[in-house]
J.: 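My questions all concern the structure below.
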There are 2 protein chains.
Amino acid sequence: MGPTPPGQTKERVFRFVQQRIVAGMPPTVREVQRAMGFSAVQTAMQHLETLVAEGRLVKTSGKARGYSLPGVGPTVLVPLLGRVQAGDFTTAIQQHEGTLPIQVRSEDREYFALRVQGESMEGVGIMPGDIVVVQRQATANSGDIVVALVDDEATIKRLRLRHGRVELHPENQQFAILRPDPQSVTILGKVIEVRRFLDATPPWLADLSAD
Amino acid sequence: MGPTPPGQTKERVFRFVQQRIVAGMPPTVREVQRAMGFSAVQTAMQHLETLVAEGRLVKTSGKARGYSLPGVGPTVLVPLLGRVQAGDFTTAIQQHEGTLPIQVRSEDREYFALRVQGESMEGVGIMPGDIVVVQRQATANSGDIVVALVDDEATIKRLRLRHGRVELHPENQQFAILRPDPQSVTILGKVIEVRRFLDATPPWLADLSAD
DNA sequence: AAGCGTACCAGACAAATGTCTGTCACGTCA
DNA sequence: TGACGTGACAGACATTTGTCTGGTACGCTT
């Protein structure tokens, strides 16, 4: 029962704890003990304390399974919306057709996801069937790719602001630039991520909420 | 302290627990109690039991924070590899330049991620800078998009099998079909997901492991 | 009115879990 | 050789956490 070389056990502990945290169920100290084959709880405790002192783990004292990884943003369930129509955004959220776990920077913001249906953004690799993750905001910068409501339909385009007027540019020459009347355009949010599943669609995109 | 209408509190409990589970730290029963404003632990317990009976939560009895969501695959940390060269795959795994939390179907499989560097797959919306998630496997079906080692370089192409011989097709007319000698081609895996971050690159793509 | 189902409360107990003190073993360095 | 740092063990205690029994309140149905 001699010690292993310095640093080796600590790394094994870190990898085990990290994987468990990422998998969604941080381990108890005794689970670390058992997984590492230690005889004493204190051995696991000690390595965990070292990792905390090094800043590689964060601990909530006195709480079961209280270790977490620093700098990893929270995961939230983002609703995948079906149809989005004018004045009906809240209903679209409630009637989402699935959910997408997304690591975000801030839980203070609202997000939603849409499935891309047209070919107007293919020039930048946003293809039909892709899923765009959208941060909810009513304004955006010129050049951002946004989801906007025009008349009665949601559309994904690149925003251009010309003298304060909204232009919605496609990224495909076969589509025209939209210059909607200001009264008939609403920006719903900014596209922050694009995802494409080449294997089968994951099961968690099915609705996990009560209907 | 009259009861709320049937079903309302249960839904609030489910949403709270679901969000906490997705965020990576399932709640204790007393945390549910406090979050809902109940005076008694047993109230929280009862709603949780009902949700378990309905199959919407799964419980590990006797363990702290033992509730989980059914049908949600595990999350694993997928290494984002830099250079991949022949005969050096294990080293590339160890020297990954970041990690990506990915929901997968099975922890029994191995995954890695690569940053796309060429334009040969732009026809199907796989753009330079995208990140592809790859399921590790040595064979694939004709038509799959794969990561293959050719001579000494990893490349992302669509696999075509002609009379048992490997062809690697680009999805961009400006690139040529590769018909490598069988001795000089190795399939590393199948691309299962494409991700693009339009906001800044998330911090967790930085290396969380020890160097 | 009685029964049932759901939403709540109060209190207590058992086990899991966090935490601490004390100790030994080994390798390295001055 | 002694000191130090890291890796280990043993044991005990305090607190958190899961779980249970017993009870009330309300609305609906027969």
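In what follows, chains are A, B, ... by sequence order, proteins preceding strands, each numbered from 1. Note that this is a predicted model, so its numbers are computed, not measured.
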J.: Between A:Lys59 and A:Glu49, does at least one N-O distance fall below 4.0 Å, as a salt bridge requires?
T.: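 Result for this pair is yes, salt bridge flagged.
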
J.: Looking at side-chain heavy atoms only, is the closest gap between A:Ile102 and A:Thr75 below 4.5 Å?
T.: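 They are not in side-chain contact.
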
J.: Report the residues that fulfil ring pair (Phe, Tyr, Trp, His ring centres under 6.0 Å) with B:Phe16, sequence neighbours left out, ordered by chain and then residue number.
T.: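 Once residues adjacent in sequence are excluded, B:Phe16 has no partner under the ring pair (Phe, Tyr, Trp, His ring centres under 6.0 Å) criterion.
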
J.: Which side chain to side chain donor-acceptor pair (under 3.5 Å) pairs, counting each pair once, include a residue from residues 19-31 of chain A, with sequence neighbours left out?
T.: A:Gln19-B:Glu107, A:Arg20-A:Glu31, A:Glu31-A:Arg65

J.: So, is B:His47 close to the C:dT6 phosphate, meaning a side-chain N or O under 4.0 Å from OP1 or OP2?
T.: no

J.: In whole angstroms, how far is the C1' atom of C:dT17 from the CD atom of A:Glu31?
T.: 10 Å

J.: Send over the distance from A:Arg34 CZ to D:dA8 C1', rounded to a whole Å.
T.: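 So the CZ-C1' distance, A:Arg34 to D:dA8, works out to 18 Å.
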
J.: What residues, two or more places apart in sequence or in another chain, satisfy ring pair (Phe, Tyr, Trp, His ring centres under 6.0 Å) together with B:Phe38?
T.: B:His47

J.: Which pairs, with at least one residue in residues 132-158 of chain A and sequence neighbours excluded, count as a ring-ring contact (aromatic ring centres under 6.0 Å, His included)?
T.: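 Residue pairs with at least one partner in residues 132-158 of chain A: there are none.
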
J.: Go through the structure and list residues passing ring pair (Phe, Tyr, Trp, His ring centres under 6.0 Å) with A:Tyr111, not counting sequence neighbours.
T.: none

J.: Can you measure B:Met25 atom CE to D:dT16 atom P for me and round it to whole angstrom units?
T.: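 Going from CE in B:Met25 over to P in D:dT16 covers 16 Å.
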
J.: Atom CD of B:Gln33 and atom P of D:dT17: how far apart are they, to the nearest Å?
T.: 12 Å

J.: To the nearest Å, how far apart are A:Leu48 CG and D:dT6 P?
T.: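 Going from CG in A:Leu48 over to P in D:dT6 covers 16 Å.
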
J.: Produce the list of close N/O pairs, under 3.5 Å, pairing protein atoms with atoms of nucleotides 18-20 of chain C; give distances to one decimal.
T.:
unit_1: C:dG18; atom_1: OP1; unit_2: A:Arg65; atom_2: N; d: 2.8
unit_1: C:dG18; atom_1: OP2; unit_2: A:Val29; atom_2: N; d: 2.7
unit_1: C:dG18; atom_1: O3'; unit_2: A:Gly62; atom_2: N; d: 3.3
unit_1: C:dG18; atom_1: N7; unit_2: A:Arg30; atom_2: NH1; d: 2.7
unit_1: C:dG18; atom_1: O6; unit_2: A:Arg30; atom_2: NH2; d: 2.9
unit_1: C:dT19; atom_1: OP1; unit_2: A:Gly62; atom_2: N; d: 2.6
unit_1: C:dT19; atom_1: OP2; unit_2: A:Lys59; atom_2: NZ; d: 3.3

J.: Tell me: CD of B:Gln8 to P of D:dG27, nearest whole Å?
T.: 14 Å

J.: Rounded to the Å, how far apart are B:Phe38 CZ and C:dA10 P?
T.: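 These atoms are roughly 13 Å apart.
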
J.: Once you round it to whole Å, what is the distance between C1' of C:dA7 and CG of B:Leu51?
T.: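 About 14 Å, once rounded to whole Å.
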
J.: Taking only the side-chain nitrogens and oxygens of B:Thr43, find out if one of them lies under 4.0 Å from OP1 or OP2 of C:dA7.
T.: no

J.: Reckon A:Thr9 has a side-chain N or O less than 4.0 Å from the OP1 or OP2 of D:dA8?
T.: yes

